[in-house]
Amino acid sequence: MTEIHEFLTAELPKSPRDLALPERRIAQRNSLSLRANLTIPGRSILPGRILDISRGGASMIMPFELSSGQQCYIDFELEACGDTSAFHIAAEVRYSVELDKRRFRVGLRFGEMDEKTTELIDALLHSSLK
């Protein structure tokens, strides 16, 4: 049996973003722009840019598409008050979306982090809110 539904054009979403989908993130992400490298163990080191970050993950602009489930490391440095902190965070690729022929937006979920890294990310998140 086939069901038929009629809709007025005004009732239809204009894009996928118009759909009311529930937020799946556990932690709030904050926007920033930061150079970083993404290391795929045994394969390559790719330059990229972090667009946003939270305690649980980040999204980056990368020059190549990455496979969902790919294990990697995000490496970046922050300098504040004369001190430089280096981050080396294990992550998993959750999605990779083509923006244009040379850029992909890649969503990453962080793996386990040590206490120092968690504290540094918390400080970064609080400073970017101001």
Side-chain angles (χ1 to χ4, degrees):
M1 177 178 220
T2 303
E3 291 185 28
I4 299 174
H5 299 275
E6 292 183 18
F7 296 95
L8 297 174
T9 304
E11 295 174 337
L12 298 174
K14 292 175 181 54
S15 75
R17 293 179 189 196
D18 293 339
L19 297 174
L21 298 176
E23 178 63 55
R24 296 184 308 171
R25 292 184 180 138
I26 295 170
Q28 177 66 37
R29 287 192 180 210
N30 294 336
S31 296
L32 69 142
S33 182
L34 184 67
R35 288 184 200 169
N37 288 320
L38 191 108
T39 302
I40 300 171
R43 297 189 72 197
S44 57
I45 298 174
L46 303 171
R49 181 164 291 284
I50 296 174
L51 297 176
D52 59 46
I53 194 166
S54 75
R55 289 185 97 195
S59 69
M60 294 181 67
I61 297 292
M62 302 298 302
F64 301 101
E65 183 174 17
L66 299 173
S67 300
S68 182
Q70 176 73 54
Q71 300 299 308
C72 56
Y73 292 93
I74 302 170
D75 295 294
F76 62 96
E77 292 183 349
L78 290 176
E79 186 176 337
C81 302
D83 291 331
T84 300
S85 298
F87 292 83
H88 181 74
I89 304 171
E92 176 185 338
V93 175
R94 302 300 290 164
Y95 64 85
S96 186
V97 176
E98 184 176 14
L99 299 174
D100 56 44
K101 292 185 182 203
R102 294 184 182 161
R103 297 182 317 144
F104 294 83
R105 184 170 183 149
V106 177
L108 302 156
R109 180 176 63 189
F110 295 152
E112 290 188 36
M113 294 184 289
D114 61 28
E115 187 175 331
K116 179 182 176 187
T117 301
T118 301
E119 289 174 359
L120 289 170
I121 288 177
D122 283 345
L124 172 65
L125 293 171
H126 286 95
S127 68
S128 68
L129 290 173
K130 296 177 183 177

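All of these numbers come straight from a predicted model, not from anything done at the bench.
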Would you tabulate the side-chain donor-acceptor contacts of residues 62-70 under 3.5 Å, counting partners in other chains and residues two or more places apart, or write 'none'?
unit_1 : atom_1 : unit_2 : atom_2 : d
S68    : OG     : R94    : O      : 3.3

Hphob cluster co-occupancy, [X] + [Y], side-chain heavy atoms under 4.5 angstrom:
X	Y	value
I89	Y73	no
L108	M113	yes
L120	M60	yes

Would you check if the side chain of S44 reaches a backbone N or O of L46 as a donor-acceptor pair within less than 3.5 Å? no

Contacts of type ring pair (Phe, Tyr, Trp, His ring centres under 6.0 Å), residue F104, not counting sequence neighbours: none

Mind checking ring pair (Phe, Tyr, Trp, His ring centres under 6.0 Å) for F110 and listing every partner two or more places apart, or none if nothing turns up? none

Not counting sequence neighbours, which residues clear side chain to side chain donor-acceptor pair (under 3.5 Å) with S96? List them please. none

What residues form a side chain to side chain donor-acceptor pair (under 3.5 Å) with D75, not counting sequence neighbours? T39, H88

Hits for salt bridge (charged side-chain N to carboxylate O under 4.0 Å, His left out) against R49, two or more places apart or cross-chain, chain-then-number order -> none

With sequence neighbours left out, what residues match D100 under salt bridge (charged side-chain N to carboxylate O under 4.0 Å, His left out)? R103

For the [atom1] atom of [X] and the [atom2] atom of [Y], what is their distance to the nearest 0.5 Å?
X	Y	atom1	atom2	result
Y95	R109	OH	CZ	13.0 Å
I61	R105	CD1	CZ	6.0 Å
I74	N37	CD1	CG	11.0 Å

Heavy-atom count check: over 12 atoms from other residues, nucleotides or ligands less than 6.0 Å from E98 CD? yes

Test of understanding: with side-chain contact (heavy atoms from CB on, under 4.5 Å), list the residues that count as partners of E77, not counting sequence neighbours. T84, A86

